[in-house]
Amino acid sequence: MTATSNTRPAEGEAQAPRRSRLRHLMRCIPLVAPVLLWAVPCGVLLYTGQHWPLPVTVVATVLFALGLTGMPLAMARGHGRRQQDRAAIVGDTLLGTGWVLLTWSVLLGILLRLALTVAGVGESQDRARIVTWAVLGVTATLLAWGYTEARRVPRVRRLDVLLPRLGAGLDGLRVVLVTDTHYGPLDRARWSARVCETVNSLEADLVCHTGDIADGTAERRRAQAAPLGTVRATRARVYVTGNHEYYSEAQGWVDLMDELGWEPLRNRHLLLERGGDTLVVAGVDDVTAESSGLAGHRAHLAGALNGADPGLPVLLLAHQPKFVDRAAAEGVDLQLSGHTHGGQIWPFHHLVRIDQPALAGLSRHGARTLLYTSRGTGFWGPPFRIFAPSEITLLTLRSPHPVTSP
């Protein structure tokens with residue numbers, strides 16, 4: 001392995017305006033989100049011509065008010081200094097519920113009401129009530145389905161990836177990617193064990209975890225992460241930090257993964273050899289590492305590749321897809337990332353795309369570099385996945401000149 005360097009490449013000037021806009025947006029979200037998530041659906045479902053009986057209006061308004069006040073309070077107790085898991089579960093569930101209610105209140109509140117009006121269906125009150133029941137029905141259905149999707153063991157996504165510089169001896173190398181497991185307030189120890197069983201069934205040469213193992217410290221989430229120690233690979237198991245590690249004592253997670261038999265690639269690389277050919281497997285800390293203040297933690301690609309033969313193909317682990325700009329500048333062949341969750345709850349992916357160059361799947365960046373972005377193995381926060389299924393990814397690396405049988 002190579003030594004870690006303390007130098008960080010400069011950020012591209014083209015990315016600065018986008019990051020600045022995102023920071024301003026993120027500062028406003030905690031103030032605006034609760035009002036949007038609960039006041040807008042309340043108005044659409046109760047006060048736009050429905051004329052419900054007074055007791056119905058009062059009870060429903062009180063429920064919306066409880067959501068408006070209870071969600072931020074529970075989120076603060078669950079994810080703030082107190083770190084109360086029960087409060088986090090309540091707050092996260094209300095956050096997901098409010099997002100789905102808002103989305104479909106707006107969509108059906110406009111489109112369905114317009115369609116009913118054009119079709120001449122009923123009176124104004126009838127149309128308003130049809131919209132209300134439609135929104136409630138769609139919301140309940142999507143939340144039930146989304147909860148099931150979030151809690152199940154992810155399906156395996158299989159993909160062949162052609163790397164022009166990959167030697168024939170490495171053709172068919174099996175790389176399994178898991179990421180964003182986000183062990184957290186909801187105990188998922190059994191789920192974790194079943195995920196690891198699925199990974200083992202794939203008989204991988206290399207297994208990669210690209211960060212965001214959990215929400216909480218390694219000591220607190222050890223039981224949920226422990227099954228990762230059972231993962232098998234014929235060559236190596238490698239790991240890099242995600243941004244959530246830096247919310248909860250990142251070094252503790254690095255140490256635990258090392259204890260479980262994974263190789264933390266903290267701005268380092270290893271060489272994977274087979275059939276006379278070699279692949280450089282490198283990893284960098286998350287791009288948020290330097291701002292964490294932890295000594296030696298930073299995203300440093302030059303340090304990760306220091307000492308590697310520049311003629312060899314490079315597989316890079318970097319938690320966030322946006323690191324691909326640096327990877328492409330260094331001629332990396334394939335970057336593996338997570339972080340986006342594929343949006344997790346539609347249509348949140350539109351906000352993700354403000355910050356990231358790719359949402360999910362395989363994409364090309366520059367003349368050589370491919371980026372594979374996983375939708376993630378677990379979920380963060382709201383226990384729902386809606387139109388953004390989780391995945392365990394099996395990437396089979398292909399050489400343009402595979403060895404053929406005589």
Side-chain angles (χ1 to χ4, degrees), residues 25 28-29 31-72 74-75 90-152 155 340-354 359-360 375 379 381-390:
L25 177 63
C28 295
I29 284 177
L31 301 175
V32 177
V35 176
L36 288 177
L37 293 179
W38 297 100
V40 171
C42 180
V44 171
L45 303 183
L46 296 177
Y47 296 101
T48 53
Q50 288 86 348
H51 303 298
W52 299 107
L54 182 60
V56 173
T57 302
V58 170
V59 170
T61 302
V62 169
L63 290 176
F64 278 110
L66 288 174
L68 173 61
T69 57
M71 186 194 77
M75 293 286 287
V90 172
D92 292 342
T93 302
L94 287 174
L95 174 61
T97 301
W99 176 257
V100 177
L101 262 177
L102 171 65
T103 298
W104 294 97
S105 292
V106 172
L107 289 179
L108 294 180
I110 296 174
L111 298 179
L112 180 57
R113 185 170 297 199
L114 178 62
L116 292 174
T117 301
V118 171
V121 175
E123 301 296 328
S124 176
Q125 177 176 291
D126 298 327
R127 293 193 292 270
R129 291 192 176 188
I130 289 173
V131 167
T132 295
W133 289 117
V135 169
L136 293 177
V138 168
T139 297
T141 300
L142 288 177
L143 289 175
W145 173 61
Y147 181 80
T148 301
E149 281 288 295
R151 298 283 285 175
R152 68 168 173 79
R155 302 176 184 92
T340 69
H341 299 202
Q344 187 165 318
I345 303 177
W346 185 89
F348 194 77
H349 66 285
H350 291 300
L351 295 180
V352 176
R353 287 304 302 267
I354 296 174
L359 188 71
R375 290 186 298 252
F379 61 86
F384 310 109
R385 272 189 171 270
I386 298 174
F387 305 130
S390 56

Using only atom types and a distance under 3.5 Å, with no angle test, would you say the side chain of [X] pairs donor to acceptor with the backbone of [Y]?
X    : Y    : answer
Q344 : P382 : yes
R353 : L359 : no
W52  : L45  : yes
R375 : P389 : yes

Could you go through F348 and V352, starting from their C-alpha distance and side-chain angles, then the distance that decides it, and tell me whether this counts as side chain to side chain contact (heavy atoms under 4.5 Å, CB included)? CA-CA 7 Å; F348 194 77; V352 176; 3.7 Å; yes
Reported [atom1]-to-[atom2] distance for the pair [X] and [Y], which is rounded to 0.5 angstrom:
X    : Y    : atom1 : atom2 : answer
L102 : L107 : CG    : CG    : 9.0 Å
W99  : L36  : CH2   : CG    : 9.0 Å
L112 : T117 : CG    : OG1   : 9.0 Å
W133 : L108 : CH2   : CG    : 14.5 Å
T93  : Y147 : OG1   : OH    : 8.0 Å

Non-hydrogen atoms of [X] and [Y] that approach each other most closely:
X    : Y    : result
V121 : R127 : O-CG, 3.0 Å
H51  : R129 : O-NH2, 2.8 Å
S105 : V44  : O-CG1, 3.6 Å
G342 : A388 : O-CB, 3.5 Å
G70  : L94  : C-CD1, 4.2 Å
Q50  : T132 : NE2-OG1, 3.0 Å

Minimum side-chain heavy-atom gap F387-L142 below 4.5 Å: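 With C-beta onward as the side chain, the pair touches.
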Evaluate the side-chain proximity of L37 to M71: yes if any heavy-atom separation is below 4.5 Å, no if none is.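 Yes, at least one pair of side-chain atoms sits under 4.5 Å.
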Quick one: which of E149, R155, R151, R152 gives a side chain to side chain contact (heavy atoms under 4.5 Å, CB included) with S390?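 The option that passes is R152.
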Please check if the number of heavy atoms outside F64 that lie under 6.0 Å from its CZ is greater than 12.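 Yes, because the 6.0 Å sphere around CZ of F64 holds more than 12 heavy atoms from other groups.
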Does CH2 in W145 sit with more than 12 non-hydrogen atoms of other residues, nucleotides or ligands closer than 6.0 Å?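 Correct, the count exceeds 12.
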With side chain to side chain contact (heavy atoms under 4.5 Å, CB included) as the criterion, how do R385 and I345 come out once you've worked through the C-alpha distance, each side chain's angles and the decisive distance to 0.1 Å? CA-CA 5 Å; R385 272 189 171 270; I345 303 177; over 6 Å; no
For W38 and L101: C-alpha separation, side-chain torsions, deciding distance, then whether side chain to side chain contact (heavy atoms under 4.5 Å, CB included) applies. CA-CA 8 Å; W38 297 100; L101 262 177; 4.1 Å; yes
Take T48 and R113 through the side chain to side chain contact (heavy atoms under 4.5 Å, CB included) test and state the conclusion after the steps. CA-CA 11 Å; T48 53; R113 185 170 297 199; 3.2 Å; yes
Indicate whether any N or O donor in one side chain lies under 3.5 Å from an N or O acceptor in the other, for Y47 and T61.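 Per modelled atom types, Y47 and T61 side chains form a pair under 3.5 Å.
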